[in-house]
Structure formats: C-alpha cells, structure tokens
There are 2 protein chains.
Amino acid sequence: MLRPTSFDVAERAGVSQSTVSRALRGSPGVNAETRARVATAARELGYVVDRHASSLRLKSSETIALVTICRPGEDRSAINPFYFALLGSIAAATSARRFNLLVSFQESSANFRADFVASGLADAMIVIGTTSNRAAWDYFAQAQASGLDFVCWGSPGSPFHWMRSENDIGGQLAADHFIASGRRHIAFIGPQQSPQRQFDERRDGFLATLAAHGMTAAVAEPPAAADRHAQGVAAVQALLAAHPETDAIFAASDMLALGVLQGLKDAGRRIPEDVALIGFDGIRAGTLADPALTTLEPDIDAAGEALVAMALEDDERTRSGTRIPVHLVVRGTA
Amino acid sequence: MLRPTSFDVAERAGVSQSTVSRALRGSPGVNAETRARVATAARELGYVVDRHASSLRLKSSETIALVTICRPGEDRSAINPFYFALLGSIAAATSARRFNLLVSFQESSANFRADFVASGLADAMIVIGTTSNRAAWDYFAQAQASGLDFVCWGSPGSPFHWMRSENDIGGQLAADHFIASGRRHIAFIGPQQSPQRQFDERRDGFLATLAAHGMTAAVAEPPAAADRHAQGVAAVQALLAAHPETDAIFAASDMLALGVLQGLKDAGRRIPEDVALIGFDGIRAGTLADPALTTLEPDIDAAGEALVAMALEDDERTRSGTRIPVHLVVRGTA
DNA sequence: CTGAAAGCGCTTACAG
DNA sequence: CTGAAAGCGCTTACAG
C-alpha cells in the first residue's frame, strides 16, 4: 500500500475512520485506550495525515507565503544577505508555530505572483526584498487594491502593513558615537529619492542629532551602479573629492558601507584613524571586513517573529507601524 | 462572497462546473467561445483554483520541499551563504517549472521533519546544509531507510542520492594555479574526518596534481571552533607555526578561506605577495574581502536546476553521482 | 462539445 | 465515547 489513509488505520485499529481522525487530532472525548490503539496502528502503517484533504476541510493550510523581491536579472547569490537573514528568522518563527513556509523570489512580470492566499496555499503572505524594483511593488500595490492583504518589511511607498527598524534611533546612535569620538567632518551616504523610507529615517535621525549639537553633515547620494556595494565605492570617491576633510561617514546600509570601506581604502585613507565608518543592517559580511564593520544591527529574530505574528494577526499588535529595535555594534571601523 | 468556487464561475458563465474546470485547465475539446466566457467570468469574480482541492484530486501538489540543515543553536544569519545561494537557485529552478517551494530549516530533534512528501505537501524533497550536524543526517538516513526518498547536496555519508561539485577538478585547478605562479611551499587546510566527502575530494585532486609535479603539501586539520571562519583563523596560526615557509594555501571552503585570510593578516603576512590563497564555493563575501578572494566557483544555477530535475526525476539523469562544473575565479588573493 | 456524478482523504455535526 | 454521513472544491471517466 503506497499511501495508507485513515481508513486503513481504522481497519487495523478496529475502529471507525472518524475515530481515527479524532484520536490523531487529539480531540477530547476519545477513550485513552482507543487513542493508543489508533496511534499504534498509525505508526505501524507509517500513516501521515494528508494535508490537502485536511486543509480543504479546515479551510486553513497553516502555511505562510514569503515573497522576496529581487532586482531584475539579479543573480540569486547577489541578493542582499540581510533578506536571507530575514528569511531565516521568518522560517524560525513559522516553524515555532508548526506552520509551513512557502518561498518565492520574484523579479519581473514573468514570475510576479500574489495568489498564495487566494488559492488556499497559504493563510497569510509576507513580502520582503529590494525596494528598487518598482514594477514589483506596483504589482503588489495593485494586488492589495484588489483586496489582497499582506505584511511587508520596509516601506515601498504604498499604504501597506509594514514593519521597520527603529531607524531614527539608529541614526541617533550613529551620530552620538561620532560626536563622542571627536569626529567633526561628518557625512551621510544614502539614497535620497528611494521609495525606501527607511533610508530617510536613518538620515533624519542622524542629522537631527547632529543639529542638536550644532553640527551639520554632508549628504551624498550614491550614483547609479550595479548594486549597493558598487554605489558605495563610487559615492565615497565623489564625497572625498567634494569634502576631503571628511572624518566620519554613516552609510544607509551595510552593503553600501562595505563599498564605502573599499572606496576609502582605494583613496588611501586609514580606517578608522582617518575616517570612521558606520553601516546599518548587521549582515555577516560586515564581520568579515577588514577592519570589521561597526553597524546598527536590528534584532532580526524579533523582526521575523513580529512579521509572522502580524501576518497571522494572532496577537493584538496593530497591523502597521511596528518598529524593531536596533543597537550599535562597535567593531573596527568606528 | 469571500472565496468564489468553480460553481460560482459556472453560474456566471452559464455553463456547468465541469466545463469551468476544463476550460480553466486548458483541456482540449472546449469550445473557444465557451472557454472565453468562462475566462471572463473567472476574472470578474477574481476566481483562483483552490490548490488543496486540486492537489487532493490530482494527487500531486507541484511543490518541492527544501530542507536546510543548520548547526544546532546557530543564528540564522550565520548560515553559510553558500546554502542561501543554493536555496535561491533551487527557487529559480522550481519557479521555472511553475512549482512551489516549501522551505524548512532544521537543526535538532525539536524540529526534525521529513514528512513533506508523505503528507502530500510536496512531490519531492531536497536536503542541503551543513554536514556537521550528525543527528540531522542520521534522522534523514533513518527516514530514507523507511522508504522515504530525497536528493541531497554534498555527501553526508549515507547512500543518499547526491549531487556534488567537480571537487577533484577544483583541487586540480588550484594546484595548477599555484604551480604556474611559482609557489613552492604549499598547504591544504580542511576538515579531514568530515562526513562531507567533498572536502576529501578537493584535497585529493589538489594533492594528486601536486604529486604529478613531484610536489607535496602540508595538510592541516582546522581545530574545533564556533564556525568555519573561526576554524580558518585558528588553523592558519597552527600551520604557520609548523610551516613558517608556507607560500600558498588552498582552503576547502570560502568561509574557511576567509578565516585563513584574517589569520594571515594577523600574522603580518602580505597576501598574495607572501602567501597566496584559494578558497572554494564562490560566495559573495569573497568578493568583498580585501584582497578579494580567489576561489573555485561551482555553477550554482546548474546545481539548483539539476537538484530539482533529479528530485522530480523528470529527465533521464541518473539519480546519483551528478557533478556540477566548477571554474577558477582569479581575484586578489592568488 | 457539455453535463451529471463519483471520488480524492480528510473533519466534524449529528445520532446513538 | 463511537459510528455513519455530509461536505470541503476540485478533476475526469462516463454518457449523451
């Protein structure tokens, strides 16, 4: 018998099929001895409940769908590791609830897809990934307009249910750290026109704290480039040309910061002696840099847990505006 | 109406429910006009086929389950990025077939699970991840012994259906590169007792090529440490103590190589002037290192595609022993 | 070319 | 506490 059903278990245990179902689900009001008999029969037959039949009946699949938006044409290994880390923590939060996780990487209309909940495949959907793929976010905005609900990381512009880091506090911590270590020629490098509001928040928290100390900062927009790392390399070149006295840089993300680090070395600056550098995200590659990158690290575990809880609405949290705490991890660059 | 069914579409299109199903599935022998009417009705209602009902009927879920084995207690962001890249390429191969991908990170008996196919949730299962988690691979070996089938990356010891890189060729390319660049005091750093046969294959291809040129290499086993990076740092310290003349190192994986790179810098060696270094895996972090890591890069896209094809047995490939091509990517360290 | 009906394998309200 | 039966929403063999 290739795949035993609950009827097979019933026959072997000498009970009805409905009793098998109740016993295996742990329904109350099943005789302990009957329950044990059923359990034994099920084990002996290698019986596993058919999830399609079960989900069809229960109208719930105990599954979360996670969509990760990529840059068009982007190599899978080039995806920002921050999103992989987030994927991992979402998987952990999902698994803790004994839910399944369906993942989908989407980059163009060739594979845009938002019907996971509509098809019953998932109970809720989470969307993460680059904000730079406008077409993708437009697609999901449209899907939302047609009544589809989901939760996302960041802030791709539309009135999605979102969750973000405490970006302003991160900016503030970066500024405090630079000020305390005596830096005086400070700069911020980050996208200025990005739909990713998180970058603005980091910048604004940073600038506001500097202003409170009577200081200002040069603000540099990275030029267009293949990826954030390349943007960082190019941005710091332009920055040093315009402001050679720069002695501290806060970069809006770690990948950008890693590019900035490379650009600073190329320009012959010593880090952190000549220029201090702080990134944002806490990606693993930062710990491997030389010197290791000082960064603002969001609590990724908390983010995964909160995203899943929010998607499932299984607690009383509001469905939008949740903030994930960040803390400054001081390593070699600042 | 919260979730329209095929009966609702049928009513609106003025046909029977069976015709709706046939029209939407593209079954032959449906009048073109009828088909169009059904399509319109479905669109207007926002109808999406219920995958549970469909899968239950078809006895196929068009889903692949991907299990990634982690180190117990390992932080999600500490997972070797090679496996995330592999996950990404498996997702791409899955999506190209219009299949779904269910992912699961497993680390201890608290969340070991192999019933994805038995429960009907997936049509096939792929297992990747660290070979260092013996308990996990034992669990899957046991599952296989009970008749469960799957395909895995690497070589966790048991007679699984596996796929690996062309490790011997990689080792050979590394040796050729060192010899051609005039290195004479060559070493290999990698686990010697690992169930991961891939490490042995890399070493053996490397040593055999050196031997063919009348050369030998010091072979260093990394000491136990928190992760591969830490192992690399520690291993190179010991190696330099025993063989201070070392001028070239082949490390069994990139994470190990990145640790070796750090250890070499700590020891004051210039790279590549004093010591040349080659890794294996082609992870992104290698490109961010300073100098950028020279490495053997497996064709990850081919690996994802081949794993999915193998899992689905949808081509004539043998179910075991497939090799993925690797090529030498020369960057800064060698 | 289309419809009525059976059946995929469950869960649970209803009877006993 | 347990069983017989309905029904979740599809797909397709069978009739027409």
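In what follows, chains are A, B, ... by sequence order, proteins preceding strands, each numbered from 1. As a basis for the values below, the full set of heavy atoms in this structure was taken, side chains included, without hydrogen atoms, waters or symmetry mates.
- The gap from the P atom of C:dA6 to that of C:dT2 amounts to 23 Å, rounded to the nearest Å.
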Verdict with supporting geometry, A:Leu148 and A:Val117, side chain to side chain contact (heavy atoms under 4.5 Å, CB included): CA-CA 8 Å; A:Leu148 180 135; A:Val117 174; 5.8 Å; no

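- Using C1' as the reference atom, D:dT12 and D:dG16 are 16 Å apart when rounded to the nearest Å.
- Following rounding to the nearest Å, A:Leu121 (CG) and D:dG9 (P) show an atom-to-atom distance of 16 Å.
- Distance B:His52 NE2 to D:dG9 C1': 11 Å, rounded to the nearest Å.
- With A:Trp153 as reference, A:Ile324 is the one residue of A:Thr131, A:Ile90, A:Ile324 to meet the side-chain contact (heavy atoms from CB on, under 4.5 Å) rule.
- There is no side-chain donor-acceptor pair under 3.5 Å between A:Asn80 and B:Arg284.
- In this structure, CZ in B:Phe140 is found 7.5 Å from CZ in B:Phe112, a value given to the nearest 0.5 Å.
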Write down the protein N/O and nucleotide N/O pairs, taken from nucleotides 10-14 of chain D, whose separation is under 3.5 Å; answer none if there are no such pairs.
unit_1 : atom_1 : unit_2  : atom_2 : d
D:dC10 : OP1    : B:Tyr47 : OH     : 2.8
D:dC10 : OP2    : B:Ser6  : N      : 3.0
D:dC10 : OP2    : B:Ser6  : OG     : 2.6
D:dC10 : O5'    : B:Tyr47 : OH     : 3.0
D:dT11 : OP1    : B:Arg25 : NE     : 3.2
D:dT11 : OP2    : B:Ser21 : OG     : 2.3
D:dT11 : O2     : B:Arg57 : NH1    : 2.4
D:dT11 : O4     : B:Gln17 : OE1    : 3.3
D:dT12 : OP2    : B:Arg25 : NH1    : 3.1
D:dA13 : N6     : B:Arg22 : NH1    : 3.0

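- The distance from atom CG of B:Asn31 to atom P of C:dG3 is 11 Å, rounded to the nearest whole Å.
- Paired runs in DNA chain D that reach 3 or more consecutive Watson-Crick or G-U pairs, where each pair keeps both distances under 3.5 Å, cover C:1-3 with D:14-16, C:5-12 with D:5-12, C:14-16 with D:1-3.
- Judged by the 6.0 Å distance and 45° axis criteria, B:Arg164 is positioned over the aromatic ring of B:Trp162.
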Please tabulate, for side-chain N and O atoms in residues 60-69 of chain B, each donor-acceptor pair with protein atoms closer than 3.5 Å (sequence neighbours left out).
unit_1  : atom_1 : unit_2   : atom_2 : d
B:Ser60 : OG     : B:Asp123 : OD2    : 3.4
B:Ser61 : OG     : B:Gly120 : O      : 3.4
B:Ser61 : OG     : B:Leu121 : O      : 3.1
B:Ser61 : OG     : B:Asp123 : OD1    : 3.2
B:Thr63 : OG1    : B:Ser61  : O      : 2.9

Give the C-alpha distance, both sets of side-chain angles, the deciding distance and a yes or no for side chain to side chain contact (heavy atoms under 4.5 Å, CB included) between B:Ser6 and B:Tyr47. CA-CA 8 Å; B:Ser6 51; B:Tyr47 171 75; 3.7 Å; yes

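- In this structure, B:Ser55 reaches neither bases nor backbone, as no heavy-atom distance under 4.0 Å exists between it and the strands shown.
- A distance of 10.0 Å separates OG1 in B:Thr94 from CZ in A:Phe105, rounded to the nearest 0.5 Å.
- Atom-to-atom, CZ of A:Arg51 to C1' of D:dG9 comes out at 18 Å; the value is rounded to the nearest Å.
- Note that the NE2 atom of B:His52 and the CZ atom of A:Arg57 stand 14.0 Å from one another [nearest 0.5 Å].
- The separation of C:dC10 from C:dC14, taken at their P atoms, amounts to 23 Å, rounded to a whole angstrom.
- Taking atom P on both D:dG9 and D:dA13, the two are 23 Å apart, rounded to the nearest angstrom.
- Residue-to-nucleotide proximity on DNA chain C shows that, of B:Pro28 and B:Leu56, the 5′-proximal contact is made by B:Pro28.
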